[in-house]
Amino acid sequence: MITLQFVITLAYYALTAGAAALLLYSFVKAKSWDREVLYLIVLVPFLLRVFHLK
Amino acid sequence: MARTDLARKLLLGALAVVFLGASGRSFYDHRHLREPVVMGPGVTRLTTLAEYNPTVRGTANDANIYVLEGREPGGTIFVFGGTHAEEPAGRLAAWLLVEHATVDRGRLIVALSANRSASTVTRPSAAYPATYTIPTAWGGQTFRMGDRFTNPLDQWPDPEVFIHYPSGQYLAYVDVRNLNRAFPGRPNGTLTERTTYAFMELIRREKVDVAIDLHEAELQYPVINTIVTHQKGQELATMISMTLTDLEGFNIGTEFSPVNLHGLTHREIGDHSEAVSLLFEAPEPFLDATRGRTNADVLLSGRDEFVVKAGRKGLLFAPIDEKGWPIATRVGRHTSSVAQTIDTWTEFNPDRPVAVKNIPRYAALVKHGVGHYLLDPGQAPRNRVAYE
């Protein structure tokens, strides 16, 4: 169980970092301000997790 | 990309960084708040839990262990608060023992943050305050408000069902992070199990006679204002209960630990060591589901009009009125109960005596408040200040 927990945690953080990178990419490519704001709002909790803050 | 687009993205990006910094800072500050403890004249040794299980070294749960040793040999009493970090009276009662108690015979061992990881997070979606401050003559001391469960940053994910080790009993999934469901633990299990294993090793190696786990409970929970005891401690607990009720001015009952309910301190410490295990419960209206606002004032004053209303409807297992259950009352119940346990143990076991002085008791705490007894770390020698 401990090994599984470790693997799942690693995968979770990798997925979170991947999603954050995609959101950042979408923000850069967005053409309108409302889409940009949306991407940034969604991005914040992902970054809090990647940085091990929440 | 047009210059106006770039400028807008830079502006919005900067705003997002500010939001990220502000929210991240609040979580970081809570997790890393250092709580100073002045080691009183009775503390003769400071160690950490890793001494008893090296696999907790460097983790959030490598808690401080304070040893207060008397000049004359005798028995050993172990008191631990913070098993559930959302129950501050237990931590604060243990705090006052470290700052004030002196031991003449035997030993007193104290842990203030049994599940330190749980004190670095609050209950998701419950709007708990991150900290609370006890006013003192020197300005006030701020403590971390915690949760019932180990921080998911330290132990994650939870299983579908928590299968308790070694009994195999099925428990709720979230209890895999509940220190008081993970005893006796194992040396290489989850962080919570490694922590409980370390405490079991402490109890076995230090030949603890009585282990006391300090808790608080919501008034809607039937196990409240009571001592829960392993069957080995039935006579002891009954005598403590009668004496406290007779002499200290508050009522406290006795309940027996269910033999088939596993993982709890009052069951597993008694089953897996020579120690008598006791668990004390004080009332904490802040935890009641019917409470109104969930803030530090309710936490410390123990006053809530909705919990009072629930009491009038007969929905509670402990009395409450507009005066509430102030923190000083709750801490005083615990300190007096610990002091009485030591006296009664010694009376029953003259060959393993423990004599402890200067424990602030119920009446004094109710009169002066908790802050009166918290020592100013700024006035203490640096080598006598530890951090939780």
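Numbers restart at 1 for each chain; the letters A, B, ... are given by sequence-line order, proteins then strands.
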Peer 1: Tell me which of these, B:Ser26, B:Gly189, B:Pro157, B:Gly24, has more heavy-atom pairs under 4.5 Å with chain A than the rest.
Peer 2: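 Sorted descending by pairs with chain A, the first entry is B:Pro157.
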Peer 1: Pick one of side chain, backbone, both or neither for A:Ile2, based on which atoms fall under 4.5 Å of a heavy atom in chain B.
Peer 2: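 Just the side chain, heavy atoms under 4.5 Å.
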Peer 1: Anything under 30° is parallel, anything over 60° is perpendicular, the rest tilted; go ahead and classify A:Tyr13 against A:His52.
Peer 2: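 Tilted, since the angle between the ring planes falls between 30° and 60°.
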Peer 1: Just by distance, with hydrogens left out, do B:Ser119 and B:Arg144 show a side-chain donor and acceptor under 3.5 Å apart?
Peer 2: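 B:Ser119 vs B:Arg144: donor-acceptor pair found between side chains.
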Peer 1: Which atoms of A:Thr3 come close to chain B, meaning under 4.5 Å heavy atom to heavy atom: side chain ones, backbone ones, both, or neither?
Peer 2: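 Looking at A:Thr3, nothing touches chain B.
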Peer 1: Identify which part of B:Asn151 has an atom lying under 4.5 Å from any heavy atom of chain A, answering side chain, backbone, both or neither.
Peer 2: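 B:Asn151 has no heavy atom closer than 4.5 Å to chain A.
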Peer 1: Taking the side chain as every heavy atom from C-beta outward, state whether B:Glu268 and B:Arg181 have any pair of such atoms under 4.5 Å apart.
Peer 2: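 They are not in contact (no side-chain heavy atoms under 4.5 Å apart), so the answer is no.
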Peer 1: Relative to each other, are the rings of B:Phe199 and B:Phe80 parallel, tilted or perpendicular (30° and 60° limits)?
Peer 2: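 Plane angle under 30°, so parallel.
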Peer 1: Should the pair B:Arg291-B:Asp288 be classified as a salt bridge under the 4.0 Å nitrogen-to-oxygen rule?
Peer 2: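 So B:Arg291 does not pair with B:Asp288 through a salt bridge.
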Peer 1: Report which part of A:Phe27 has an atom under 4.5 Å of a heavy atom belonging to chain B: side chain, backbone, both, or neither.
Peer 2: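 Both parts, backbone and side chain.
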